[in-house]
**Q** 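Right, I'll just put the structure down here and ask away after.
Lettering of chains follows the sequences in order, A, B, ..., and the numbering in each one begins at 1.
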2 protein chains.
Amino acid sequence: MKSILKKLITNGILSPHEISSIQIKETKINKGTILQRAGEPGGRAFYVKEGLVRAYTIDEKGKEHIFMFASEGWMVSDFEWRENAPALLFVDCIEDSLLEIIEQNDIIKLNRLFETKQVPNQINQLMNRIRVLQKRIILLMSADTLTRYEDFIETYPDIVQRVPQRMIASYLGVTPEALSKIKSKMLKKH
Amino acid sequence: MKSILKKLITNGILSPHEISSIQIKETKINKGTILQRAGEPGGRAFYVKEGLVRAYTIDEKGKEHIFMFASEGWMVSDFEWRENAPALLFVDCIEDSLLEIIEQNDIIKLNRLFETKQVPNQINQLMNRIRVLQKRIILLMSADTLTRYEDFIETYPDIVQRVPQRMIASYLGVTPEALSKIKSKMLKKH
DNA sequence: CAGCTGCATTAATCTAGATTAAGAATTCTA
DNA sequence: TAGAATTCTTAATCTAGATTAATGCAGCTG
């Protein structure tokens, strides 16, 4: 029995019978192997039993931004589990590793099982929040203030109207002066 | 029936009887009212039914860093729910608001109920991850590279040993050159 | 062993955004 | 409605960290 699934069964959420339809491969992976590429569909989840794995993005300039390291006992996933959704993160092995790999369709199957158990709201809400935080970290590490501001306007158009500029600046991680400068730059470019 | 609890019952996780011991206040709050102060124990959860709320930190220089805005339908909490844990975030109202406020001891009670239902692992793991991401965002917004590096060493001492410098730089959101400079600065101060 | 490739360090510039300061516009509030 | 208090903007500096570039070190590999 593989450890992630064992936990679920122990939780009493799923019975061994329900689990049996889901396959989890335990695989040895060599250092340097790329497990997942951003932009490609079929994002998976990786549970690290041994070794060290990293998840990262690559920006337009080709620069890598590491979102997380995962060593023994950690789980890596970008939680992009809608069908055919492109992965957000690259994942590769920093050390030779022993991983449990959960394929996307199995994750979707798992989610469906959860739904029949009526557990989903809690878990899906939390995963949603994780996705939001994940995106924010990536933007803070890789994007300049203008890009982050444009993204904010697009993501929270209603909040922009209801909040003073200085608070938006404070959310973006810059001074009000910097945001003001950027806004006038945007107007000039109209 | 208040909406958050209604969701839980609808989920079939808790019965109306189990819910009955938990009190949730629905409260009108005036613009500007501070709901929670960082450092003080008894962090609560706030569900926004109407209005607009923000969660933020204040750094040593007195500068505010907004972690999130929450409008209708959003939940605000820093997920610091160990008994007597000091809150990490300030929370206040940007607009007159109608909130459901869940007190810390009720959250702890809720968690205990979840445990008896054996749902906890999933949810607690996800909340843990949220706490980690939250801390990272706050540090990215408010702390300089040296501080973030020191925090990384403290939080992941094992990873430091197993990963090349350039990857730590990439995780911190700076160039390898900047991290190298900081390290030599640390040595000079010994 | 020599040559190649990736990593770390140092140093010289450069720049996005911080800081400081001051004026104009807007919104409380008495 | 006047005065006070915020907020926004603009402009002049300043600085942390980016960029560029050069050097020294491993580790591999043929």
**Q** Would A/N30 and A/T33 count as having a side-chain donor-acceptor pair, cut-off 3.5 Å?
**A**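 Side-chain D/A pair, A/N30 to A/T33: absent.
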**Q** Separation of B/I94 atom CD1 from C/dT27 atom C1', in whole Å?
**A** 17 Å
**Q** B/F67: what forms a ring pair (Phe, Tyr, Trp, His ring centres under 6.0 Å) with it, not counting sequence neighbours?
**A**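 Expected list: none.
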**Q** Counting distance only, does the side-chain N/O of A/R148 pair as donor-acceptor with the main-chain N or O of A/L172 below 3.5 Å?
**A** yes
**Q** Do A/R166 and A/Y171 form a cation-pi contact, if we require the NZ or CZ to be under 6.0 Å from the six-membered ring centre and within 45 degrees of the ring's axis?
**A**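 No cation-pi geometry.
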**Q** Do any N or O atoms from the side chain of B/Q36 and from the backbone of B/D92 form a donor-acceptor pair under 3.5 angstrom?
**A** no
**Q** Checking side-chain contact (heavy atoms from CB on, under 4.5 Å) between A/F46 and each of A/I102, A/L35, A/V53, which is the one that passes?
**A**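 Between A/F46 and the candidates, side-chain contact (heavy atoms from CB on, under 4.5 Å) is satisfied uniquely by A/L35.
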**Q** Could you give me the CA-CA distance, side-chain angles and deciding distance for A/C93 and A/I34, then say whether side chain to side chain contact (heavy atoms under 4.5 Å, CB included) is met?
**A** CA-CA 7 Å; A/C93 283; A/I34 295 179; over 6 Å; no
**Q** Could I get a table of every N or O pair under 3.5 Å where one atom is in the protein and the other is in nucleotides 17-21 of chain D?
**A**
residue	atom	partner	partner atom	Å
D/dG17	OP1	B/T145	N	3.1
D/dG17	OP1	B/T145	OG1	3.0
D/dG17	O5'	B/T145	OG1	3.4
D/dA18	OP2	B/T175	N	3.3
D/dA18	OP2	B/T175	OG1	2.9

**Q** Would you kindly check if the NZ (Lys) or CZ (Arg) of A/R162 is within the cone defined by 45 degrees around the ring axis of A/Y156 and under 6.0 Å from the six-membered ring centre?
**A** no
**Q** So if I take residues 152-170 of chain A and measure heavy-atom distances to DNA chain C, which residues fall below 4.0 Å?
**A** none
**Q** Measure the distance from CD on B/E95 to C1' on C/dT27 and round it to the nearest whole Å.
**A** 15 Å
